Each structure stands twice: as C-alpha cells, then as structure tokens.
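These notes are about the structure you will find just below.
For reference, positions follow the sequence shown, starting with 1. All values reported here derive from a predicted model rather than from experimental measurement.
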Amino acid sequence: MSFFNCVADAVDEGSIDKGRGERAQAMWKDLSGKYERQGHPRHTAEAMAAEDVKAAFRREAGEVRHVALSKMAAVRKMQAEVNAAKAPDMVSSVERLDYRHRGLVRRFQGRVGEFLREHHRDILGRVTNKTGMSDVVRELHGEATGNVTARALADGIRAALEDMRLMFNEAGGLAGKLENWGMPHAHNRQAVTKAGFDRWFSEVSPRLDWRKMEDNLTGKPFQVEGGAPPPPDVQRAVLKEAWDNIAFGKSSTEAVYGRPKGVATYRKHSEQRVLIFKSADDWMAYNRDFGTGDAFKSLMGHVHRMARDITLMREFGPNPALGAEYKAQLWEKKARDSGNTAFSEKVGADSKRGLRMLKVLSGGRASESALQDWIATFMSSTRHVLTSAFLDRAVIASASDLNTMRLAASAIGMNPMNLISKQVGALQSLSKDELLRAGWIADTMADAGTALARFQQDVAPSEIAERLSSASMRVQGLSQWTDRARATFYQDMSGYLASEAHKPMSQLFPALRTLLERHGVTPEDWAMFTKADHMFTADNGATFAMPIYWREATDLPENVADDIFFKMQGAIEEQMELAVPTGSLYARSFVDPAAFDLPPGTLLYELAKSGLMFKSFAMTFTVNQHRQIMAHGGYLSAGGAGYALNLAAGAVAMGAISTQVNEILMGRDPQDMTNPAFWARAAMKGGAFGIVGDIATTGQSSWGGGFASYVAGPIPQVAQDTYDLLIKNGVEFLQGKD
C-alpha cells in the first residue's frame, strides 16, 4: 500500500485530522515527483518521500511544542505580574527591557573584547588590522590559517555566538547548531533586487555549501556527505524562495487571515542562516556584493539584534508583539473588573504608550518597496552628512554631563566629587586593560555610531556617510568624552555597590534600594550578587561589584545567573543613562515615526526624521530631569523644587563655560558676563539645548533660519538653499538677471 493510501485510511479511521492528512499527501506527491525527476526509480522515490514527510511532521511537532511551552511560560509570567501590580506597568516594563538590552549588548561585547581591541574601527571608520580580520573570518569558517592569534579570537567569537544562540533558544527561539557556521550576514535588499534573480542565482549558488544547508521541510541537508549537490532545479527553487523573501518580505509567501505582519521573532535567527557558504572567501565575496557591511559590522549588528530579540522574548514570549498585546489586554480586563473608569483611562494611556515604545525598541517597520528603501538610505545619508557639518562643537554642549553625573551620583548616595574628578582626570580610574579584564568595552570601540546617537538616531546610511559623521564626532572628542563618562560612572557605581555589599538590601540608601527594587532585585539576589569571591579586583586591590564580570565569575545555574545579571545591569544602565544622556525610549515614543508604524522612505517618515535631527540629546535630558523632579515630589514640593534649583545652578555654570569656550574656538572675544542676557543663553546652553542657545545668541540656527527652522530640522533649509542655487539662479540667468 502506498503512503498516500495509508494516510487516507488514517484519516478515515480518525487517527489524524483531515487537514493534516491532506497536507501530508500533497507533500508526499511533490517530494516523490522531485526524487523521480532526479533519476530515482518510482518505488525508491516514493519511499524516500514518505520518510521525508514523516521527518517533516516530527520536526514540526517538536518546534510547535517548544514554542508553545515558551509561550505558556510567558503567559503565566505576565498574568502573575498584572495580578500583583497595583499600577499599570507597560511603560515601565518596556523601558526596563531597553536597559536590559543595553546590558546584554555590553555582556556580549565583553565576550569578544579581545577581538574588538585588535579589530575595532579607526577614526576614519576603517577596521584596524585588516589582514588579521580576514584570518579571523577564515578560522570561523573552519579554515586553518596558521595565525594563532586569529584562531584564539575566532574561538572566543564562536563561544559568544553559541552563548547567544542558547539564550535565544531558551527564550523560545528556533536556531539550530551549525558547526563552523562562520559569520552572520545581512542582505542588502537594494543590491539583491537590482541584480535580479538570475544574476543573483548565478553568483550565489556556486558559493554555497549545500551539505550544511538544511531543507526547511525535513531538517535534512540538501547534499549528503560525499554525494552530489542537489540538481539545478532544486537549487533554483530554494534560492528563488530566498530571493523572494529578501525582495518582497517573508510575509508575502501566502495570505493568512489574522497573521501578524513580518517574521515571528522566534524564527528570525534561523531565517538569517538559510545561506551557508563554502569558504570564508565566498562569504566575504557575497558580503561585498550583496551584504550590508564588512565582517566587523556584520558581527556587531548580529550582537545588537540577538540581544534585542533575547530580551524581548524573555519578557513577552516567542512573539513579543503578540505577547505585549496580550499583556495590554490583561490590564484592560483588570481595569474593567475594577469598575473604576479613571483607572481604566490610566491603563489605556499606559498600554498605548508602552506598545509604541516597543515598536521603537523593535526597530519599527521596514521599507515597503525598493524605491522606499533607496529614498530611506539617501535621506539617512544626507542627515549624517549634515550632522558632520553642523555638530562640529557638540562636545562643548556635552560638558553638561558633569552636572548630570553629579546629580545622578548624589541621587543614590554616591560621592559626586570623586566621579567628576575621575572624569576630568584629576583622580585615577581603572586602566583600559583592567576594564577589558572586567568585561567592559567602550561603546565606540564596538559601534562607531554610539556618540552620534546622542544627537541623532536613524536608519543605516551609506558607508561613506556613516564614516564621515562618526569621524566628526571622534575628531572633536565627543566619542572619547562619552566613552570616558560612561566607563567612569560604571566603575564608580560598581565600586559603590561593592562598598555596600556588607549591608542587607533593606539597609541600603533609600533611592538605591528603590532603583534595585524597580528592576526586580530581591534581597536574595542582592546577597548572591555581592559575594566577595565574585567581585572584580583591580591591580591596586580595590573591589567592584560589576554585573558583566560577575556573570562570568559566578557558579550559579545559568538561568539564575542570567536573571540576576539582567536586573543588576539594567539598574546600572538606567542610572548611567541619567548621568550621561544618550537616548530615551520614552521620549522617542512621542515623536519617532517608528512608534506610529511609518515605514522609512515615505514622506511623513522623512519629514519627521528631519524635525528630530539634533534633538535626541535635548529630549532625553528633558525627560530624564523631569522624571527626577517628579520622583522628588514634583515641581511644587520642597524636594522637587530643591532638585530643580540644584540642576539649574549646575546647568547655568556649565552653560557659561561652554558658551565662553565656544566663543574662543570661533576666534571671538568672550561674551560680557555682566549682561543678564548672557546668563539666559548660558542656561539654555547648559541644559542640553545647545542649538536653541545658538538661536538665542545669533537669531538663527547653525544651518540658517530661526526657531521654525530648528523645529523643522535642516533638511527643508538645505532643500531651499539647493533650489535657490540651482533652479532659481538658472531661471534668473535665462531671464538676463544677475
């Protein structure tokens, strides 16, 4: 009896449902026909097809069970959280995710710290030790180079990638283990679609290792060891699906009512590994022609994506967007059951804001067409070029960090003068080697755009535009200033935590205890985190309670250690953001086009992005300090008013210094400090509103135009200037005018 008839009998007997039976029969017919066309006798083709169908259904059942269990665990966690909470927590939970994401990025960067020290980007955006980088890529692909250093670095990267994969799967993901996988890659949609399928296929297919590429249906490799590659028609079918997914999106495969748009998070990192290359040279050739960057950029992009997806799935389940919607519904039901309409309104506002924040954190929507993709890249590149031109003195405005660092330290009981003295070099800090040993990696060593993000957060620009804007930040010293400020605060807060280790959590400084409790730290977590034998010891004998180092040193079970790490590092990241503002997810949820599902490359998206230029720092500063004032009792309370006056006094002083330094750098005489208008300008300059200070001083922004031009951003002004230069002048020339 054929497999087809066996399935039919099973459906008739009720052993399997009709839908699954018909799907199995259709799969069997397709596979047996394929194998017969490959030259196998009919009975052999049918037997092979039957085995493949059974393997496919077994694999599907295992995946469904794994995802279902992860989903149920997330559902139970969210139900318990909503039941126990007294106030809506969607905004706070998503914001904690942002800090945990940053913390996990730091941990993974620390895991590949030696690689980053050897192969980071220089001031022009070029990877240092390019030859060594090629050897590392070859070692990752299982190719012996004889370079002992490259092999050691590759082993470290391989271990970090495996750690990411295991954490991703533990959170509900489906990413199988691949030996000598090599490096992750991201496709350049514009390059792929411009080439067309036929050219793309002819260049890609010979580079692929079909022995390592698995059939998504059965989980078996397309080519058995020692056997021949799959026939050309099979290769074309596999790569045509991959090309269509890149060009049109995964969700275009079929229409399914009620399916969320895009690929579920738990499948993302298995989808990214569909194409596996024969060699490092093949990978580098594909990345050059159809990828989005060099090996360094590919690796660091993978670190950020994995860290984001892991934290999202840990909080909201295998499909975070659906999980977050479910939690919002739990809150709606709780509000309804309470019978309190005011509480219901509060719940609705909190859920709406939290879901918008989640969209921003998730990266927002992708462009919907190749044209939109091109427009988005062009406009992003334009904004980066303008940034390099107009933010030439951003480091001066960033002197206000000394004031915010002082306030952030004082708020939780730290000594602010030690912190500031270390930042300006008056006191000794940990050396670069000690920080590397502790697992701390400077942001700009791992990501050249970190300093720029303080003023602008954008989609990926062209390579040259990114290098230009990054170089402008490095040349003026903003990158080094930001790196030093965050590293100084991290080590000082870690030292402070170590000094408090002998105390139970109930006896900690009240604001510090509140911070830890907000991130879910329990007295038991605190006791385990502050064990002396898991602290980092500097060369001078000083001890530091550093979560990144602690996570590698602790002997606790993996799941327990991860949980404590996320809580402690998240708390430090929150306080560090208050000290050295770089970006507020909460602020972005009000204005970022990603929060409103606007795809890049559309008119509204690009207009919004222009309006947001150079405002990230100002928005973050404003939101952070407003929250601090409210946490101290509000503007009309003694605590809130006292904090606000303390903030203002420090801001004005730093603004006055910034203003005078700026005048000297511009070749002008210092301004008259007896003029009250000077102190008004200093107040705006010191409060992160540097460009507004320019408007107050000169009547216009650095790119021309007054306050309206500042609100709209430089793009409309640049467009007007371009029109005047080319079109208007051309018309006047034809009219015989000057």
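With R588 contributing its side chain and V360 its backbone, the two residues share no donor-acceptor pair below 3.5 Å. Here the side chain of S380 pairs no donor or acceptor atom with the backbone of A376 at under 3.5 angstrom. Using a distance-only test at 3.5 Å, with no hydrogens or angles considered, a donor-acceptor pair links the side chain of N245 to the main chain of E241. For the pair S93 (side chain) and D89 (backbone), a donor-acceptor distance under 3.5 Å is present.
Between T522 and E517, every side-chain heavy-atom pair lies at or beyond the 4.5 Å cut-off. For the pair L585 and V94, the minimum side-chain heavy-atom distance is below 4.5 Å. For the pair R107 and D163, the minimum side-chain heavy-atom distance is below 4.5 Å. Inter-residue side-chain proximity for F108 and H304 is flagged as unmet; no heavy-atom pair is nearer than 4.5 Å. At a threshold of 4.5 Å between non-hydrogen side-chain atoms, the residues M167 and L104 count as touching. Contact annotation: the side chain of M306 never approaches that of L161 to less than 4.5 Å [non-hydrogen atoms, C-beta and beyond]. For the pair P599/S367, no side-chain contact is recorded, criterion being any heavy-atom separation below 4.5 Å from C-beta on. Under the 4.5 Å side-chain criterion, counting only non-hydrogen atoms from C-beta, F566 is not in contact with R96.
Interatomic distance, M357 CE to L97 CG, rounded to the nearest 0.5 Å: 9.0 Å. Distance OG1/T602 to NZ/K609: 11.5 Å, rounded to 0.5 Å. Taken from CD in Q575 to CZ in F489, the straight-line distance is 5.0 Å, to the nearest 0.5 Å.
A pairwise comparison of heavy atoms in L598 and Y605 identifies O-CD1, 3.3 Å as the closest pair.
Taking the six-membered ring for Trp and thresholds of 30 and 60 degrees, F290 and W200 have ring planes more than 60 degrees apart, a perpendicular arrangement.
Checked options E95, E577, E574, E573; the residue passing with R102 is E577 (criterion: salt bridge (Lys or Arg N to Asp or Glu O under 4.0 Å)).
In this structure, R356 fails the cation-pi test against Y586, since its NZ or CZ atom is not both closer than 6.0 Å to the six-membered ring centre and inside 45 degrees of the ring normal. At least one cation-pi condition fails for R336 and F343: the charged atom is not both under 6.0 angstrom from the six-membered ring centre and inside a 45 degree cone around its axis.
A 6.0 Å sphere centred on NZ of K334 holds more than 12 heavy atoms belonging to other residues, nucleotides or ligands.
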